[in-house]
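Note on naming: letters A, B, ... go to the chains in the order of the sequence lines (proteins, then strands), and numbering restarts at 1 for each one.
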There are 2 protein chains.
Amino acid sequence: MRSFIDEFAIGAFLLPAELEMLQSGIISKHVAKGQVLLKKGELYGKTYFVKQGCLRSYSVDEKGKEHIFMFAPEGWIISANESLLPNTPAELYIDAIEASEIEVFDREFMARFEESPTVPRPVFAKLVKRMAVLQRRIIMLMSATALERYQDFLATYPEMAQRVPQKMIASYLGITPEALSKIRRGLAKGHH
Amino acid sequence: MRSFIDEFAIGAFLLPAELEMLQSGIISKHVAKGQVLLKKGELYGKTYFVKQGCLRSYSVDEKGKEHIFMFAPEGWIISANESLLPNTPAELYIDAIEASEIEVFDREFMARFEESPTVPRPVFAKLVKRMAVLQRRIIMLMSATALERYQDFLATYPEMAQRVPQKMIASYLGITPEALSKIRRGLAKGHH
DNA sequence: AACGCAACTTAACCTGGATTAAGAAATATA
DNA sequence: TATATTTCTTAATCCAGGTTAAGTTGCGTT
């Protein structure tokens, strides 16, 4: 159960005083399963680092349907403020899908982080990796069938399939639970 | 027609000697319309900064169909090496859809860039913005109809609609040119 | 144990967008 | 200017996945 500072080896890039200041902006806390951390429309959304458990971010469309944008198991960072941009309707909710231990980076922390002239390489590298995941997801959504996307999900996140309910997997894949059920039946029978 | 170094104010973060070294790794060149810069499967894909014109990156599926991942008009950076990662089947092609003036960052440049312990804030900020665009695109692909995605595209990239052929817009939206044609007809008639 | 509810499945039917094929309009090449 | 080639449109048909509705199955509560 490593902390954000450990996970990204951020200490190595800072003077002890700076490190101290950063750490003072990080609050550790426990959240219960189902607890909502961030509601759509809240300003200055916080950022969360998951030490234990699993969070998710999702949007809700006009019909009330949830669309899961990402799962954040141990070691992941999750936030909604990536959407603070021109033409930005799609804001996100964040909640805990398991009882979790998290670190919360508040507004001051983010401001301080954003003011520093350079960004530690490991943080940047993490972002590049995340981008690759998003890129891949877009290409899959554009060119692959629901079956192919499901198989890709299973291969990419083998542990998640055991940890989250099917309806959430369906929501992540962009299909209905009924359609996922049909696909799983197909796989269980011959059609692999 | 600003260069990469200017656009990101990178000079401000470096010593003159470092700046000199960086600049020596950047090659400016002109590419003709239709010229392919990077083929799927090529190792150590280069990164391109567009000074003038427009590039695009795209994948090609088993049926030979192209899926445009992004357009890169003036001021954009485009590369395929975001996919140099675990489980990475979907590599991209890059070509010029207009005659363009570009800067090419070669392998050595990227290596040098990747070795530095910190990343200039403006580069990081650009990446965060790009992430927001990708996030938005994923949510749209999951929850919006083709008509809604087309309208969103027009709002987000008003100039692109005039610059690229329809079939490329269709490819970017994840639909066929026929379907886009139908949508446009609908918009031209009453159904706004 | 019995209830209540949410998660999952099944099945019938519907629809948005794909496919196929053909023609019209625009662009390039001679 | 004529001709070839690519782009765009129209229309007919098809199908993956959505919608609706009715079961099951599983599980937490009292």
Side-chain angles (χ1 to χ4, degrees), chain A residues 32-36 54 56 58 60-68 71 95-99 139-154 160-189 191, chain B residues 32-36 54 56 58 60-68 71 95-99 140-154 160-191:
Chain A
K33 179 174 174 172
Q35 193 174 333
V36 176
C54 190
R56 65 163 178 164
Y58 58 101
V60 180
D61 66 25
E62 339 60 80
K63 288 155 223 140
K65 198 165 161 187
E66 289 176 7
H67 302 276
I68 294 184
F71 295 112
D95 66 15
I97 59 181
E98 296 175 2
I139 292 170
M140 293 297 283
L141 282 168
M142 289 200 300
S143 65
T145 64
L147 167 61
E148 291 166 330
R149 274 178 279 145
Y150 178 56
Q151 292 178 317
D152 183 68
F153 172 81
L154 291 180
M160 287 309 283
Q162 321 306 324
R163 284 173 71 171
V164 304
Q166 312 249 70
K167 61 165 196 169
M168 288 198 186
I169 298 176
S171 169
Y172 179 87
L173 296 175
I175 61 177
T176 57
E178 291 86 349
L180 179 55
S181 186
K182 211 190 290 186
I183 286 166
R184 284 164 51 83
R185 177 163 30 119
L187 283 175
K189 299 213 176 77
H191 334 172
Chain B
K33 179 173 176 174
Q35 192 173 333
V36 176
C54 190
R56 65 165 176 162
Y58 58 101
V60 180
D61 66 25
E62 341 57 80
K63 288 156 223 140
K65 199 166 162 188
E66 288 176 8
H67 302 275
I68 293 184
F71 295 112
D95 66 14
I97 59 182
E98 295 176 2
M140 293 297 283
L141 282 168
M142 288 200 301
S143 65
T145 63
L147 168 60
E148 291 166 330
R149 273 178 279 145
Y150 178 55
Q151 290 178 318
D152 182 68
F153 172 80
L154 291 180
M160 286 309 284
Q162 321 308 324
R163 283 174 70 171
V164 304
Q166 312 253 60
K167 62 165 195 167
M168 286 195 186
I169 298 175
S171 170
Y172 179 87
L173 296 175
I175 61 177
T176 58
E178 291 85 350
L180 179 54
S181 185
K182 209 191 291 184
I183 287 166
R184 284 164 51 82
R185 176 164 31 121
L187 283 175
K189 300 214 176 73
H191 336 173

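Every residue was checked against the salt bridge (charged side-chain N to carboxylate O under 4.0 Å, His left out) condition with A:Arg184, not counting sequence neighbours, and none meets it. For B:Glu178, the salt bridge (charged side-chain N to carboxylate O under 4.0 Å, His left out) test picks out no residue, with sequence neighbours left out. A:Asp95 pairs by the salt bridge (charged side-chain N to carboxylate O under 4.0 Å, His left out) definition with A:Arg56, not counting sequence neighbours. The side chain to side chain donor-acceptor pair (under 3.5 Å) check on A:Ser181 picks up nothing, with sequence neighbours excluded.
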**OP:** Would you check, one step at a time, whether the test side-chain contact (heavy atoms from CB on, under 4.5 Å) holds for B:Met160 with B:Phe153?
**Re:** CA-CA 9 Å; B:Met160 286 309 284; B:Phe153 172 80; 4.0 Å; yes
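Remark: B:Arg185 is not in phosphate contact with D:dT9, judged by side-chain N or O atoms under 4.0 Å from OP1 or OP2.
In this structure, B:Lys63 NZ and A:Ser143 OG are separated by 8.0 Å, a value rounded to the nearest 0.5 Å. Distance check, rounded to the nearest 0.5 Å: CG of B:Leu180 to CG of B:Leu147 gives 10.0 Å. Going from atom CE of B:Met142 over to atom CG of A:Leu141 covers 7.0 Å, rounded to the nearest 0.5 Å. Rounded to the nearest 0.5 Å, atoms CD (B:Glu98) and CZ (B:Phe71) are 10.5 Å apart.
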Subject >> B/S/- contact track for nucleotides 19-27 of chain C, protein heavy atom under 4.0 Å >> reply: BBB------
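In this structure, the helix from C:dA1-D:dT30 to C:dA30-D:dT1 shows an angle of 50° between the axis at its start and the axis at its end, each fitted on 5 base pairs and rounded to 10°.
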For a quick test of your reading: what N or O donor-acceptor pairs under 3.5 Å do the side chains of residues 167-176 of chain B make, sequence neighbours left out?
from	atom 1	to	atom 2	distance (Å)
B:Ser171	OG	B:Glu66	O	3.0
B:Ser171	OG	B:Ile68	N	2.8
B:Thr176	OG1	B:Ala179	N	3.2

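Residue A:Ile183 contributes atom CD1, which lies 15 Å from atom P of C:dC8 at whole-angstrom precision. For the pair A:Tyr150 OH and D:dG17 P, the computed distance is 14 Å after rounding to whole Å. Regarding B:Arg149, its CZ atom lies at a distance of 13 Å from the P atom of C:dG16, rounded to whole Å. Computed from coordinates, the A:Met142 CE to C:dG17 C1' distance equals 16 Å when rounded to whole Å.
A donor-acceptor contact shorter than 3.5 Å is absent between the side chain of B:Gln151 and the backbone of B:Glu148.
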Check nucleotides 3-8 of chain D for protein N or O atoms closer than 3.5 Å to its own N or O atoms and list the pairs.
from	atom 1	to	atom 2	distance (Å)
D:dT7	OP1	B:Lys167	NZ	3.1
D:dT7	OP2	B:Lys167	NZ	3.1
D:dC8	OP1	B:Gln166	N	3.0
D:dC8	OP2	B:Gln166	N	3.2
D:dC8	OP2	B:Lys167	N	3.0

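Mapping B:Leu180 and A:Pro177 onto DNA chain C by nearest heavy atom places A:Pro177 at the nucleotide closer to the 5' end.
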